[in-house]
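Everything below concerns the one structure shown next.
The first residue in the sequence is number 1, and the count goes up from there. A quick note: this is a predicted structure, and the numbers were derived from the prediction, not measured.
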Amino acid sequence: MKKKQRGFTLIELLVVVAIIGILAAIAIPNFLSAMGRSKQKRTMADMRTIATAWEARATEMNRYNAAGAISTIPSSTSTPAEMSGLLSPTYIKSLPPFDGWNNEFEYRAGNLAYAIISYGKDGKMGTITQGPTTNFDCDIVYAEGAFLMYPDGAQTQ
């Protein structure tokens with residue numbers, strides 16, 4: 001009587017490992033891109049929330065900034081702690097201190113204008129242009145009730 005052997009051959013195991021490797025090579029970049037897009041969307045939602053609270057405060061105070069500067073261009077910068085003191089808890093329960101990449105938001109305000117800026121994935125200030133961007137490192141800018149610079153379409157690393 002012949003004893004029947006059970007199990008997988010080395011070739012079968014190598015084929016399975018190769019298939020898993022190919023599937024992982026396809027899935028991981030898509031997963032990383034989806035994570036980047038989710039951070040962008042979270043950042044944009046937080047910026048809208050902050051802007052809504054800032055608009056509510058501006059309606060009551062008749063200006064956007066705390067000190068009443070005479071500039072109409074958003075140039076004076078406020079720290080997240082200063083903004084939290086101005087907006088929390090009256091206009092927003094708690095101010096989101098960081099964007100999706102764990103960088104602090106930048107707040108700029110004048111009497112008649114404001115801007116909320118996220119420096120994107122790299123956390124460094126870039127050239128601010130109007131319109132959509134296709135790079136995760138590009139800045140996101142919300143000013144005057146609309147996004148001036150925002151992610152749109154397929155993003156590149």
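In this structure, I50 and P96 approach most closely via the heavy-atom pair CG1-CD, 3.8 Å. Annotation for A143 and L148: closest pair CB-CD1, 3.7 Å, computed over non-hydrogen atoms. Listed here is the closest heavy atom pair of I140 and M44: CG2-CG, 4.1 Å. For the pair A53 and L87, the tightest heavy-atom approach, listed with the atom from each and the gap, is O-CD2, 3.8 Å. M47 and F147 make their closest contact through SD-CE2, 4.0 Å (heavy atoms, listed as atom of the first residue, atom of the second, distance).
Every residue meeting the side-chain hydrogen bond (donor to acceptor under 3.5 Å, both in side chains) condition with Y91, not counting sequence neighbours, appears here in chain and number order: E60. For S118, the side-chain hydrogen bond (donor to acceptor under 3.5 Å, both in side chains) partners at least two apart in sequence or on another chain are D99. Looking at residues two or more places apart in sequence or on another chain, you find a side-chain hydrogen bond (donor to acceptor under 3.5 Å, both in side chains) between E55 and Y64, Y114. Take F98 and apply the side-chain contact (heavy atoms from CB on, under 4.5 Å) test, not counting sequence neighbours, and it matches N102, E104.
The stretch residues 39-48 participates, sequence neighbours left out, in these salt bridge (Lys or Arg N to Asp or Glu O under 4.0 Å) pairs: R42-D46.
A distance-only check finds no donor-acceptor pair linking the side chain of Y119 to the backbone of D122 [under 3.5 Å]. Although no hydrogens or angles enter the test, the distance criterion places a donor-acceptor pair under 3.5 Å between the side chain of S38 and the main chain of M35.
A distance of 4.5 Å separates SG of C138 from CE of M149, quoted to the nearest 0.5 Å. Summarising the geometry, atom CG belonging to N103 is positioned 13.0 Å from atom CD1 belonging to I117; distances are rounded to the nearest 0.5 Å. The distance from the CG atom of D139 to the CE atom of M125 is 8.0 Å, given to the nearest 0.5 Å.
Put simply, F31 and I28 are part of the same group of oily side chains (I, L, V, M, F, W, Y) that touch within less than 4.5 Å, one to the next.
Connectivity analysis of hydrophobic side chains (ILVMFWY, heavy atoms under 4.5 Å, direct or indirect) links I22 to I26.
Between E106 and I116 there is no side-chain heavy-atom pair separated by less than 4.5 Å. T9 has its side chain within reach of E12: a pair of non-hydrogen atoms, C-beta onward, lies under 4.5 Å apart. At least one side-chain heavy atom of W54 sits under 4.5 Å from a side-chain heavy atom of Y107.
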